Participant: 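One structure coming up, written as C-alpha cells, with questions to follow.
Given the structure is predicted, the values throughout are model-derived calculations rather than measurements. In what follows, chains carry the letters A, B, and so on, assigned in the order in which the sequence lines appear, proteins first and then strands, with residues in each chain numbered from 1.
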Protein chains: 2
Amino acid sequence: MLLGKMMHQPLTVGSLIDHAAHYHAETEIVSALTEGGFERSTWARVGENARRIGSALQGRGMEPGDRIGTLAWNNRRHLELYFGVPGMGMVCHTLNPRLAPEQLAYIVTHATDRMLFIERTFVPMIASIRDQLTTLRGVVMLGPRDEAAAAELPGLLFYEDLLAEGDPAAPWAEIEETAPSALCYTSGTTGNPKGVLYSHRSTLLHALCVNNRDGLAIGAADSLMPVVPMFHVNAWGTPYAAAAVGARLVLPGPRLDGDSLARLIIDESVTIAAGVPTIWLGLLNALDGMDEKPVSLKRTIVGGSALPPSMRAAFRDRYGVELIHAWGMTETSPLGTLNAPLAKHAALSHAEQDQIGNGQGRPPFGVQLRVVDADGTVLPDDGVTEGQLQIRGHWIVDHYFGHEKTALTWDGWFDTGDISTIDPDGYMVIRDRAKDIIKSGGEWISTVDLENIAVAHPKVANAAAIAARHPKWDERPVICAQKRPQSDLTEEELLAFYDGKVPRWQRPDRVIFVETLPLGATGKVVKASLREMYGDVLWDEAMAELEAEKG
Amino acid sequence: MLLGKMMHQPLTVGSLIDHAAHYHAETEIVSALTEGGFERSTWARVGENARRIGSALQGRGMEPGDRIGTLAWNNRRHLELYFGVPGMGMVCHTLNPRLAPEQLAYIVTHATDRMLFIERTFVPMIASIRDQLTTLRGVVMLGPRDEAAAAELPGLLFYEDLLAEGDPAAPWAEIEETAPSALCYTSGTTGNPKGVLYSHRSTLLHALCVNNRDGLAIGAADSLMPVVPMFHVNAWGTPYAAAAVGARLVLPGPRLDGDSLARLIIDESVTIAAGVPTIWLGLLNALDGMDEKPVSLKRTIVGGSALPPSMRAAFRDRYGVELIHAWGMTETSPLGTLNAPLAKHAALSHAEQDQIGNGQGRPPFGVQLRVVDADGTVLPDDGVTEGQLQIRGHWIVDHYFGHEKTALTWDGWFDTGDISTIDPDGYMVIRDRAKDIIKSGGEWISTVDLENIAVAHPKVANAAAIAARHPKWDERPVICAQKRPQSDLTEEELLAFYDGKVPRWQRPDRVIFVETLPLGATGKVVKASLREMYGDVLWDEAMAELEAEKG
Ligand SMILES: Nc1ncnc2c1ncn2[C@@H]1O[C@H](COP(=O)(O)OP(=O)(O)OP(=O)(O)O)[C@@H](O)[C@H]1O
Ligand SMILES: Nc1ncnc2c1ncn2[C@@H]1O[C@H](COP(=O)(O)OP(=O)(O)OP(=O)(O)O)[C@@H](O)[C@H]1O
Ligand SMILES: [Mg+2]
Ligand SMILES: [Mg+2]
C-alpha cells in the first residue's frame, strides 16, 4: 500500500456557493424585476437564502434526489434555488416557460417533480393545468404573499414564507459528487423531450473549465450578464462559474429586447455577457440607435445557434467588444467547443480571424470530439471531411433521465445530430444537421408537431416542415405541402389552421405547395432536397425587413 | 434509484497530455540546453515520448506506484517524465539538485526510488554516492549515449536508448484518479525532509484552477516560462496547467541569471513567467541595463518568498508587466493564495493597489483558509488579528509519504507554520513564521543544521540561527552565538568552521556574539526576540550593495 495522500473533498454545488458567500460576501447580485426596477442582493445573502430555501424544502418533506421544478426568469430567487436545492441534495429542474402548457405538464410529470417554483406571471397558466400536475405536492410563487395570486391558484405557497421557515445556518446535505444536482429537458432530435440529469461533479468540472482563460474567463472583477435563460442548460453553467470566482451577476429578468439589454449593460457596467445570436442582433440594433457606448463590455459569448457572419466584425469594429462563438447542447452541459484563438492566429488579418471565429471553435480540456460516417467509421480531422459529430467527456450525458438504455454509441460517444468538420487544431464547424428539427432564435420547434397539424387539415395529402435560413432567427419553419387532389387550399388557410395549436412563435412563416414530396428509399420524405430547394425562400425578404427595422 | 447520469472519466495526467498532444500538436516546447543553444519540440512529440519513456520503464519492470526519481532542470526530457511516468501509473519523484549528496541519498532511499533520471552534470556526484542508493535498479542519464559518462558511473543507462525501447502508442495505465502521480520532498518545519504525494485528481483540479482567469490565466496563445524549477512543487503545477490549455512552453534549463532570462523572454516572446522574487530581482537588474524591452511579457507570478515591496511598481512602471504575488507550499500543490484584484480595487491608486498586491492574496475556489490561536480557537478574518495559518482543500496534503499519522489537525486542517492575518475578502498577509527555518532565494536553510555546527565548535557555548531580512535573498542566516567563558572566538573563525559542512550558499552571513541567549519558560531560545533585535542587521548594507550592482 502506498502511504501518503491528498485531502479528499467532494466537488459539490454547496461548496461553490460557500466559496462565493465567504470570500465574495459583499459582491452584488443585481436582478431586473418583472414589474420594472431592480433588486440588489449579495453572494452572502444569496448563500444564506439558499440554505433557507433548501432547508425549508427539507422541512416540507423533500428528500435527497427529489426533483424541484422552476419556471422562472433570470433573477435572484432563481439563483438561490440553483444553489439551495442541490445543496440540500435535491435536483433543480428548470422548465422552459415558452413550452405549451401540455408539454409542461408532460415534463413535470415525467420528471416526477415534487414542488414547483413559478413567477407571478405563470400563476394563471399553472392554475389552468394544475389538475394534470399530479406529482406535485405544492406550487410556490416566487415572491411575497399575494392574495390575488392565492385566489387564482388554491393552495399556492409563497417563496418569502418558505424563506422564513428555513434555517440560514442549515448544513448542506452530505452527498457524493456523482449525485444529481440539476435536470434539464431538451426537445432533442425526436418529438419527446428527454431529461439530462447533471451531477455535482459534472457541474463543478464544467464551471472550472468555463472560467479558464480560454473559456469564458470570468474573474472576480467581472460583472457577468447571462442573457441565456436560466432554464436553458443552467444558463450555460454561468451562475456556477460566477460563484466559483465570486463574479458580480447582472440578471436581466424577463425583458431581453435590445433596448433593455443595452441600458442594463451601460447602467450596470456589464463586462461579459452570454446569449444566443438573436439576442445580440437586437442589442446591436439598439446600440446603433444610441449615443452612449457600452464601454464596460469586453466580451460576449454567443452560442446555441450559428453566428451570423457579420456579427463578430460589428461588435469589434463598432464597440470594441470581443465576440466568442461557442457550441454546445443540453446534453453537453453545454460547453462543447469555444472559439478561443491560438498564438498563430494573432498574425492573421481581421477577415481571416473572422473566418475562424465564425466557426464553432475547439474543445477545452475535458471533452473530446470526433466525426464519423454513417457506419460509425472515424473520419479524419482534416477540416474538410464532413461527418456526424460525436462527443465525450466529463460533462457529457451518459443516460437520459428515466431511460434504461444508454444515450451513447457502443464505444461510448454521444452523437450530437450535428454534421461537422474538425480541423487538425480541433476547430469544429457545423455544416449541416442530421436531426430533423428547427432552431428559431435559440428555441427548438418540432417539425413532427408542425407536420402532424398540417396533415390533420382535410385538404392536405402530405406535408413536410423544413428549416429555412433567417438572418434574425437563424431558422424559421416553412411547410412544404401536397394538396389533396382538386382541393382549393390557400397558404392563409393552412397557416390559420395553426392558431391555438402551437405557440404563436412556432407558426410557420410560409407554405409552399408542391406537386409531390420527394421520397427516399424507405418512403421517408427527403428533407435535404427540400431544404436545398426552399431553404432560402425567406432570406432576402427577411434581410430587407431587418434593414428597415434598423434604418 | 435515480436513472440518468453523466459520463465518468477519471481525472488523470495521461488525459492532460492527450489533450495537448491532440489539440495543440504543433505548439512548441522550447528548451534551453545545458551546453548552450536551444532545442525545439512540440506537444505532439512530448506526448509520444511520454508514452515511449513510460512504456520503456514498464518494460524494465517498473510497476504501478513505483517511484521514479528525477534530478533535472526545466527542459523537454524532464517534461516528458512529468507525463510519461504518472501516465503509466508510476510516481514522478522530483529531487532538488541543490541538496547535499547525503540528503539526496536519504530522500531517494526514504522514497524507495526504483530508477533515477539525472542530467549529465550530476553523473560524478551520483557516482560518488551510488553505493548508498540501494533501492535503485538503475540510473538514466538525460541524453544520448555518452561513453565518458558511462565510464564515470558503471551501469549508467541513457534516456535516448530508453526512448527507442519504448512504444509510442502504448496505452496509459488504467488507474483511479486518486492514485499517486508525483512526489516532492519538503524540508518543512523540522529537520527531516517529508514527502508530499500528489494524486492525479489533486494535480488536475489544481491545474484547472491555475488556469482560471483569477489564477495564472494561461491560455493556448500564451508562451509560458516556468523559471521556478521543476523540482520545486512541480514548477508550481505550471507544466500540467500548460498542457490543459496547450500553451507554448519556454523551459529555461540551468541558467537562471537575469541576463539569460531577459534574452529568453525577448527572443522567445514569453508572455507569462513564474518564479521566486530573487529571480525577478535579477531579471529587473538585467532589463534595466538593456536597450530592448520585454514587450511580449504580460504577467509574472511571484511566490515562494515575500515580495520585496517595490517590485510590483518596478515591473509595472518600467515594463508594463503585471506582477502577481502568490503564496503556497509543497504541501499545497502549491497554489494557496493568489493576489487577483476585486472589482472595487480598480478605483484605487497605484500605491493603494500595491499595498494590497504586496500581500499574499486570496484563496481560489478549491481551498479554504483560517487563522487560529495557540489553542486552535478560530480567530476572526478581520485583517488585523494574527494567527497560525491553516488550510484545507482539494490539493492539500493529508498524509505525508510513509507517515501513518495524519498531517492534519484533529478537525482536518493543515497547519502551514506561517503566521498571518486574513481580511474579510480573504486577502491573506504573512506576518511572521512559526516554523523555525530560513528561506533564502526561495530555498530553505535549516536553522537546526546551522546551530548544530555552531555548537560543535569548541569555543561556542550556545548558538541560535535566525533569519535576517535581505532585499535580494529575502532572508539570510545570521548566527547569534554565546562564547564559552574566556574563549577568543572571532566571527571569521566561526564562519570558516562552516566550510565543507554546508553548501556555500547556506553559510551564515554574519555572527553576532551575545552575552546570553534569551530563554523561554521551557528553556528554548526565544527566536522572536532575537529576530526583533538582529533581524535587520544585514538590510542597509545589502541595500547599498544592491544599488552598487545596479549602477
Ligand atoms: N454555435 C452554434 N452554431 C450552430 N448550431 C448550434 C450552435 N450551438 C448550438 N447549436 C445547435 O443547437 C443544438 C443544441 O441545442 P440544445 O437545445 O440542446 O442546446 P441549448 O444549449 O439548450 O441551446 P439553447 O439554449 O439555445 O436552447 C446543437 O446540437 C446545434 O445543432
Ligand atoms: N508569497 C510568499 N510570501 C512569503 N512567504 C512565502 C510565500 N510563498 C511561500 N512562502 C513561504 O514558503 C513556505 C512554503 O515553502 P515550500 O518550500 O513548501 O514551498 P515551495 O513552493 O516549495 O517554495 P520553493 O519553491 O521556493 O521551495 C510557506 O509556508 C511560506 O513560509
Ligand atoms: Mg435547449
Ligand atoms: Mg520547496
Side-chain angles (χ1 to χ4, degrees), chain A residues 2-9 11 16 19 22-25 27 65 178 180 195-199 201-202 205 208-209 211-214 217-223 244-245 248 340-343 345-346 362-363 365 368 392-404 412 424-426, chain B residues 2-9 16 19 22-25 27 65 178 180 183 195-199 201-202 205 208-209 211-214 217-223 244-245 248 340-343 345-346 362-363 365 368 392-404 412 424-426:
Chain A
L2 251 183
L3 259 176
K5 62 183 193 344
M6 306 303 281
M7 287 190 192
H8 186 84
Q9 298 184 334
L11 293 161
L16 267 187
H19 174 80
H22 186 99
Y23 292 112
H24 302 274
T27 298
T178 49
V196 178
L197 191 63
Y198 307 107
S199 70
R201 175 179 165 103
S202 73
L205 292 178
L208 294 181
C209 282
N211 285 337
N212 271 205
R213 170 66 191 85
D214 283 350
I218 306 165
D222 281 309
S223 287
V245 294
R248 180 166 173 269
L342 299 176
H345 298 147
R362 58 185 171 80
F365 171 76
Q368 300 104 47
R392 159 178 101 163
H394 295 284
W395 48 84
I396 311 301
V397 72
D398 185 304
H399 282 76
Y400 286 107
F401 179 78
H403 289 214
E404 296 274 357
D425 293 320
Chain B
L2 251 185
L3 260 175
K5 66 183 189 346
M6 306 303 281
M7 286 189 194
H8 185 85
Q9 298 184 333
L16 267 187
H19 175 80
H22 186 100
Y23 292 114
H24 303 274
T27 298
T178 49
L183 177 63
V196 178
L197 190 65
Y198 308 106
S199 70
R201 177 181 165 103
S202 73
L205 292 178
L208 294 180
C209 281
N211 285 336
N212 271 207
R213 170 67 191 84
D214 283 349
I218 306 165
D222 281 308
S223 287
V245 295
R248 181 166 173 268
L342 299 176
H345 297 148
R362 57 185 171 80
F365 171 76
Q368 300 104 49
R392 159 176 102 164
H394 295 285
W395 47 84
I396 312 300
V397 71
D398 185 301
H399 282 74
Y400 286 107
F401 179 77
H403 289 213
E404 297 273 357
D425 293 320

Participant: Taking side chain as everything from C-beta outward and backbone as N, CA, C, O, which of these in A:Ala217 sits under 4.5 Å from a heavy atom of chain B? Side chain, backbone, both or neither.
Facilitator: both
Participant: Closest approach of B:Val397 and A:Met6, non-hydrogen atoms and distance?
Facilitator: N-CE, 3.7 Å
Participant: Roughly how far, to the nearest 0.5 Å, is the OH atom of A:Tyr400 from the NZ atom of B:Lys5?
Facilitator: 14.0 Å
Participant: Which heavy atom of B:Arg201 sits nearest to which heavy atom of A:Leu11, and what is that distance?
Facilitator: NH2-CG, 3.8 Å
Participant: Quick one: NE2 on A:His8 to CD1 on B:Ile396, what's the gap to the nearest 0.5 Å?
Facilitator: 14.5 Å
Participant: Is it the backbone or the side chain of A:Ile218 that comes under 4.5 Å from a heavy atom of chain B, or both, or neither?
Facilitator: backbone
Participant: What part of A:Pro424 gets within 4.5 angstrom of chain B, counting heavy atoms only: side chain, backbone, both, or neither?
Facilitator: backbone
Participant: Going through the checks in order, is the side chain to side chain contact (heavy atoms under 4.5 Å, CB included) test met by B:Asp425 and A:His24?
Facilitator: CA-CA 6 Å; B:Asp425 293 320; A:His24 302 274; over 6 Å; no
Participant: Going through the distances and angles, do B:Tyr23 and A:Gln368 end up as a side chain to side chain contact (heavy atoms under 4.5 Å, CB included)?
Facilitator: CA-CA 9 Å; B:Tyr23 292 114; A:Gln368 300 104 47; 4.2 Å; yes
Participant: Given heavy-atom pairs under 4.5 angstrom as the criterion, report whether the side chain, backbone, both or neither of B:Leu16 touches chain A.
Facilitator: both
Participant: Just give me the residue among A:Gly426, A:Gly219, A:Gly412, A:Pro341 that pairs up with chain B most often, heavy atom to heavy atom, under 4.5 Å.
Facilitator: A:Gly219
Participant: Among A:His19, A:Arg362, A:His345, single out the residue with the greatest number of heavy-atom pairs under 4.5 Å to chain B.
Facilitator: A:His19
Participant: Below 4.5 Å, heavy-atom pairs only: which of B:Ala244, B:Ser199, B:Ser223, B:Gly393 has the largest tally toward chain A?
Facilitator: B:Gly393
Participant: Can you check whether B:His399 reaches A:Met7 side chain to side chain, under 4.5 Å on heavy atoms?
Facilitator: no
Participant: Quick check: closest heavy atoms across B:Cys209 and A:Leu208, and the distance to 0.1 Å?
Facilitator: SG-CD2, 3.9 Å
Participant: Between B:Asp214 and A:Ala220, is there a donor-acceptor pair closer than 3.5 Å when you use the side chain of the first and the backbone of the second?
Facilitator: yes
Participant: Counting heavy-atom pairs under 4.5 Å to chain A, which of B:Arg392, B:His22, B:Arg248 comes out on top?
Facilitator: B:Arg392
Participant: Between A:Ala221, A:Ala340, A:Ala346, who has the most heavy-atom pairs with chain B when the cutoff is under 4.5 Å?
Facilitator: A:Ala221
Participant: Check whether A:His394 gets within reach of chain B through its side chain, its backbone, both or neither, counting any heavy atom under 4.5 Å.
Facilitator: both
